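Below is one structure, written out as structure tokens; comments come after it.
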Amino acid sequence: MSKERQKVSVITGAAGFIGSHLSDYLLQKGHRVIGLDNLNTGTQLNLKHIDSEDYVYMNVDITSFIEVDGPVDYVYHMACPASPIDYLQMPLHTLKVGAVGTRNAIGLAKWKRARFLMASTSEVYGDPEIHPQTEDYWGNVNPIGPRSVYDEAKRYAETTTMAYHRQQGIDTRIIRIFNTYGPRMRPFDGRAVPTFIRQALEDKHLTVFGDGSQTRSFCYVSDLVEGIFRVMMSDYHMPVNLGNPAEYTIGQLAELIIEITGSKSDIIYQALPVDDPRRRRPDISLAKKLFDWEPTVPAEDGLKKTIDWFKGYLKEI
Ligand code: UDP
């Protein structure tokens, strides 16, 4: 009997926070991994620990044509500026990545007859009117607000993915990623977890926006990556929420980070960004039922690991 060919996975956005953890996971699963990035918001520091002949990194802007040699089995489309300060600084580029970049990434999957997974986001639900959010909720997005470049780009990318699936039979998956955190987040990406950790470790004020009563649900990155893989390996084409349902107010998150770091920092309150969602929490019943998936890392443990990593990283940079 001939030996089965090694599986080949392409990851767009491989040098980003989630893309780099997914790279590690797939290498562990024995895949050959081809990581694509243009280092716009990612960094090669996230991949420097990888010492494997099964890993190939290519500097590619996915809004141009994507060319990859040899067979490909899976395309994980993770590339996109994803933190509010990034997409507010690059509104047109963010729209282009969601539209042209997604089309090119699906084009690669089509050409290679590979399975395609699109990384969507809880932002497609906007400022949600139902709570927790289930996959059949259509969302409440302001189409012309500053956040809309990200929200609508991801909604359009979902639409594109479903249209290719329906019209051309591409084997597609869609995941909706809720707030995720862990090592390799950028200390200055403006998101709550890395910002609060950096501020707490430097004994600076923690900047809570609004009165801190808005909520988010934070998923540790290893849980998320496990979920991504299970969805890819399934035969389910409709969107799936991936996130941790444990919900915190942003004020609680700031206090928890002060407590774990033992910081002397206090909290200051600043203006709430425009269209900042009031509440967010995934209903993950679907992922539990279909893929037997649910997060296992409690916030205290995940935050401790993240804080330890940040302690080292902040000394390095
Ligand atoms: N946030 C905050 N202080 C910060 C950064 C963020 O209070 O320094 C708030 C932000 O307004 C939002 C929540 O924390 O209500 C989560 O923000 P993040 O940027 O992490 O993610 P997203 O808004 O995309 O869920």
Side-chain angles (χ1 to χ4, degrees), residues 16-18 41 78 80-91 94 98 119-128 131-133 139-142 145-155 175-221 224 241-258 261 263 265-282 299 302-303 306-307 310 314:
F17 159 52
I18 297 174
T41 56
M78 312 302 293
C80 191
S83 100
I85 57 167
D86 288 333
Y87 55 75
L88 295 179
Q89 271 167 14
M90 297 180 277
T94 303
S120 185
T121 167
S122 54
E123 286 280 333
V124 300
Y125 300 123
D127 190 6
H131 195 72
Q133 291 78 56
N140 176 36
V141 174
N142 172 2
R147 288 178 94 98
S148 64
V149 292
Y150 183 65
D151 302 9
E152 298 291 14
K154 287 291 186 182
R155 289 169 69 97
I175 51 166
R176 291 184 179 150
I177 302 175
F178 284 65
N179 297 64
T180 299
Y181 70 98
R184 302 186 201 147
M185 290 189 97
R186 289 176 299 147
F188 292 93
D189 88 348
R191 287 190 176 118
V193 172
T195 305
F196 291 166
I197 291 178
R198 178 174 51 76
Q199 291 166 333
L201 290 176
E202 293 175 348
D203 286 329
K204 292 188 175 143
H205 301 303
L206 271 66
T207 50
V208 167
F209 300 159
D211 64 3
S213 64
Q214 71 273 30
T215 70
R216 295 293 187 274
S217 309
F218 297 96
C219 185
Y220 190 65
V221 66
L224 178 84
N241 287 341
L242 293 178
N244 191 324
E247 185 179 2
Y248 292 80
T249 69
I250 294 304
Q252 285 172 332
L253 174 75
E255 279 163 17
L256 188 58
I257 289 175
I258 289 175
T261 51
S263 171
S265 301
D266 51 18
I267 293 174
I268 56 164
Y269 295 88
Q270 296 185 344
L272 194 67
V274 177
D275 294 337
D276 198 278
R278 291 289 317 149
R279 297 192 298 177
R280 184 182 290 155
R281 175 177 178 230
L303 284 173
T306 311
I307 288 164
F310 265 89
L314 288 173

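Only heavy atoms go into these numbers, but all of them, side chains included; no hydrogens, no water, no symmetry mates. Model, not experiment: these values are computed from the prediction. Note that ligands are numbered from 1 as they come in the structure, with each ligand's atoms numbered from 1 the same way.
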Open item on the list: I want to confirm something. Looking only at heavy atoms, which of Arg279, Arg278, Arg147 is nearest to atom 22 (P) of ligand 1?
Closed with: Arg147
Open item on the list: Between ligand 1 and Glu123, can you find any atom pair, the residue atom being a heavy atom, that is separated by under 4.0 Å?
Closed with: yes
- [ ] Identify, by atom number and element, the atoms of ligand 1 in contact range of Asp276, meaning under 4.0 Å from any of its heavy atoms.
- [x] 10 (C), 11 (O), 12 (C), 15 (O)
Open item on the list: For Cys80, run the side-chain contact (heavy atoms from CB on, under 4.5 Å) check against Thr94, Thr121, Asp86 and tell me which one passes.
Closed with: Thr94
TODO: Taking the side chain as every heavy atom from C-beta outward, state whether Pro282 and Leu242 have any pair of such atoms under 4.5 Å apart.
DONE: no
TODO: Would you mind telling me if ligand 1 is within reach of the side chain of Gln214, the backbone, both or neither, using heavy atoms under 4.0 Å?
DONE: side chain
- [ ] Within a distance under 4.0 Å of any heavy atom of Thr195, pick out the atoms of ligand 1 and give their elements.
- [x] 8 (O)
- [ ] Heavy-atom distances under 4.0 Å are what count here, so tell me which part of Pro273 touches ligand 1: side chain, backbone, both or neither.
- [x] side chain
Task: Contact check, Ser83 vs ligand 1, heavy-atom distance below 4.0 Å - done: no
Open item on the list: Please list, in number order, the atoms of ligand 1 under 4.0 Å from a heavy atom of Val208.
Closed with: 7 (O)
Open item on the list: Rounded to the nearest 0.5 Å, what separates atom CD1 in Ile18 from atom OH in Tyr181?
Closed with: 13.0 Å
- [ ] Report the relative orientation of the aromatic rings in Tyr248 and Phe218; use parallel for angles under 30°, tilted for 30 to 60°, perpendicular for over 60°.
- [x] tilted
Task: Donor-acceptor under 3.5 Å (Arg176 side chain, Gly243 main chain) - done: no
Open item on the list: For Phe178 and Tyr125, take the angle between the two ring planes, folded into 0 to 90°, and tell me which bin it lands in: parallel under 30, tilted 30 to 60, perpendicular over 60.
Closed with: tilted
Task: From Val274, Asp276, Val141, residue fulfilling side-chain contact (heavy atoms from CB on, under 4.5 Å) relative to Arg147 - done: Asp276
Task: Heavy atom of the protein closest to atom 5 (C) of ligand 1 (residue, atom name, distance) - done: Gly190 O, 3.3 Å
Task: pair Thr41-Met90: side-chain heavy atoms closer than 4.5 Å - done: yes
Task: Ligand-residue contact atoms, ligand 1 with Thr207, heavy atoms, under 4.0 Å - done: 2 (C), 3 (N), 4 (C), 7 (O), 8 (O)
Task: Side-chain donor/acceptor of Ser263 to backbone N/O of Ile258, under 3.5 Å - done: no
Task: atom 16 (C) of ligand 1: nearest protein contact (heavy atom, Å) - done: Arg216 NE, 3.7 Å
Task: Ligand-side contact atoms (ligand 1) for residue partner Ile250, heavy atom cut-off under 4.0 Å - done: 7 (O), 13 (C), 14 (O)
Task: Which of the ligand 1 atoms, numbered from 1, are nearer than 4.0 Å to a heavy atom of Asn179 - done: 21 (O), 22 (P), 25 (O)
Open item on the list: Geometry only, no angles: is Tyr87 polar-contacting ligand 1 at N/O separations under 3.5 Å?
Closed with: no
Task: Candidate list Arg281, Glu247, Gln252, test side-chain contact (heavy atoms from CB on, under 4.5 Å), partner Thr215, passing option - done: Glu247
TODO: Have a look at Tyr248, Tyr150, Phe209, Phe218 and point out the one with the heavy atom closest to atom 2 (C) of ligand 1.
DONE: Phe209
Open item on the list: Tell me whether Gln270 reaches ligand 1 (any heavy atom closer than 4.0 angstrom to a ligand atom).
Closed with: no
- [ ] From atom 17 (O) of ligand 1, work out which of Ala192, Gly210, Pro277, Gly251 has a heavy atom at the shortest distance.
- [x] Ala192
Task: Check: Arg198 side chain, Pro187 main-chain N or O, donor-acceptor pair, under 3.5 Å - done: yes
Task: Distance-only N or O hit between ligand 1 and Arg280, under 3.5 Å - done: yes
TODO: Test His131 against every option in Arg278, Arg280, Arg279 by the side-chain contact (heavy atoms from CB on, under 4.5 Å) rule and name the one that passes.
DONE: Arg279
Open item on the list: Using a 4.0 Å cut-off to any heavy atom of Pro84, which atoms of ligand 1 qualify?
Closed with: 19 (O), 24 (O)
